[in-house]
Number of protein chains: 2
Amino acid sequence: MKRNTWQREAVREALDTSGGFISAQGLHSALHAGGSPIGLATVYRALSDLADQGEADSLQSPDGESLYRACSTTGHHHHLICRNCGLTVEIGADEVEAWAKRVAGEHGFTEAAHVVDVFGLCASCSARDIP
Amino acid sequence: MKRNTWQREAVREALDTSGGFISAQGLHSALHAGGSPIGLATVYRALSDLADQGEADSLQSPDGESLYRACSTTGHHHHLICRNCGLTVEIGADEVEAWAKRVAGEHGFTEAAHVVDVFGLCASCSARDIP
DNA sequence: ATGGTTTTGACAATCATTATCAATAGCGGC
DNA sequence: GCCGCTATTGATAATGATTGTCAAAACCAT
């Protein structure tokens, strides 16, 4: 049976609040900064549970960290992420789904999963012009 | 100044031989199995050099390891990878390039880069078992 | 409130990767 | 070919994220 604990709620809420993608360690720091005595291991567990249940998305930062984010869209989708400020836009991508499935099929591959993420500079960061 | 050492050659050759994506640790094991006394740290350095020079592609496996591969196509391309045996097919993806650029533009993003990789089971691995 | 279980959290363990640094080995100049 | 300078190597320590351990605490149906 699955139980409801304030720790899980805290993680869920912190995720919602953060807005963009954040690491487990980062979330733990944020929670501690907010006065919560939650343990690091618990944050990892909660995040991985949320990800399993589809309540959170996860992806790997370019340097190998796992990042998490509360996703509003419940179905399968991808992300457009500002590499400067972290602003994230959820994007549906039927086009890409179809393409991935077709390409996999053409080469005899089955059980195709895919990783599709777009990184760029959002409008305001572009305007401000980053080096 | 950059020097040519048999170690770097060994890594380059092992990469060519391997065919698919392989981890630094895996390459090191393979080299040792072949009798080479090359050091692990050296393999890491050589791989990261090759990746910098564009002689190798690198990507992160779903579980966070960095994988490397000698890429035959010099230009921009993506990969279709067997998650069981590592067989890799290089795929051009004009469709996806166009899509990524368009989606980024629609949201005011600039300097869009993208990560697009498809993981699946290749024909022979599909035919053989796998639960 | 009670009991049976799940969950927590401090800490150890693991795993990939990077840094350290003395010893080694390319390479240009002789 | 031989010297010397310096980049490179490699054994090992260090790092940093993540996972495992397990007794104590918390949850929930009764």
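Throughout, protein chains are lettered first and strands after them, A, B, ... in sequence-line order, and every chain is numbered starting at 1.
In this structure, CD of A:E9 is placed 14 Å from C1' of D:dC27, rounded to the nearest angstrom. Taking atom NE2 on B:H32 and atom C1' on D:dA11, their separation rounds to 11 Å, with Å as the unit. Put simply, NE2 on B:H28 is 13 Å from C1' on D:dT12, counting in whole angstrom units. For the pair A:E65 CD and C:dC15 C1', the interatomic distance rounds to 16 Å; values are reported in whole Å. In this structure, CG of A:L67 is placed 12 Å from C1' of D:dA17, rounded to the nearest angstrom. In this structure, A:Y68 places its OH atom 11 Å from C1' of D:dA17, rounding to the nearest Å. Regarding B:L47, its CG atom lies at a distance of 14 Å from the P atom of C:dA16, rounded to whole Å.
In this structure, A:Y44 belongs to a hydrophobic cluster whose other members, linked by side-chain heavy atoms under 4.5 Å apart, are A:L40. Alongside B:L80, the hydrophobic cluster contains A:L80, A:L87, A:V89, A:I91, A:V96, A:W99, A:V103, A:F109, A:V116, A:V118, B:L87, B:V89, B:I91, B:V96, B:W99, B:V103, B:F109, B:V116, B:V118 (criterion: ILVMFWY side chains under 4.5 Å).
A donor-acceptor distance shorter than 3.5 angstrom exists from the side chain of A:E90 to the backbone of A:S72, with no hydrogens or angles considered.
With sequence neighbours left out, A:H77 forms a ring-ring contact (aromatic ring centres under 6.0 Å, His included) with A:H79. Residues passing the salt bridge (Lys or Arg N to Asp or Glu O under 4.0 Å) test with A:E97: none are found, sequence neighbours excluded.
At least one side-chain heavy atom of A:W6 sits under 4.5 Å from a side-chain heavy atom of A:S36. Between B:I22 and B:R69, every side-chain heavy-atom pair lies at or beyond the 4.5 Å cut-off.
Aromatic ring orientation, B:H32 versus B:H28: tilted (interplanar angle from 30° to 60°).
Ionic pairing of B:E55 and B:R8 is not present here: no N-O contact between side-chain nitrogen and carboxylate oxygen is shorter than 4.0 angstrom.
Only at 4.0 angstrom or more do the heavy atoms of residues 50-61 of chain A sit from any atom of DNA chain C, so none qualifies.
Note on B:S23: nothing from the nucleic acid sits closer than 4.0 angstrom, heavy atoms only.
Regarding contacts with the backbone of D:dT18, a side-chain N or O of A:Y44 is found under 4.0 angstrom from either OP1 or OP2.
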Readout for nucleotides 19-30 of chain C: B = base within 4.0 Å of protein heavy atom, S = sugar-phosphate only, - = neither; 5' to 3' it is BB----BBS---
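Position along DNA chain C of the nearest nucleotide to A:L40 versus B:Q25 favours A:L40 as the more 5'-ward residue.
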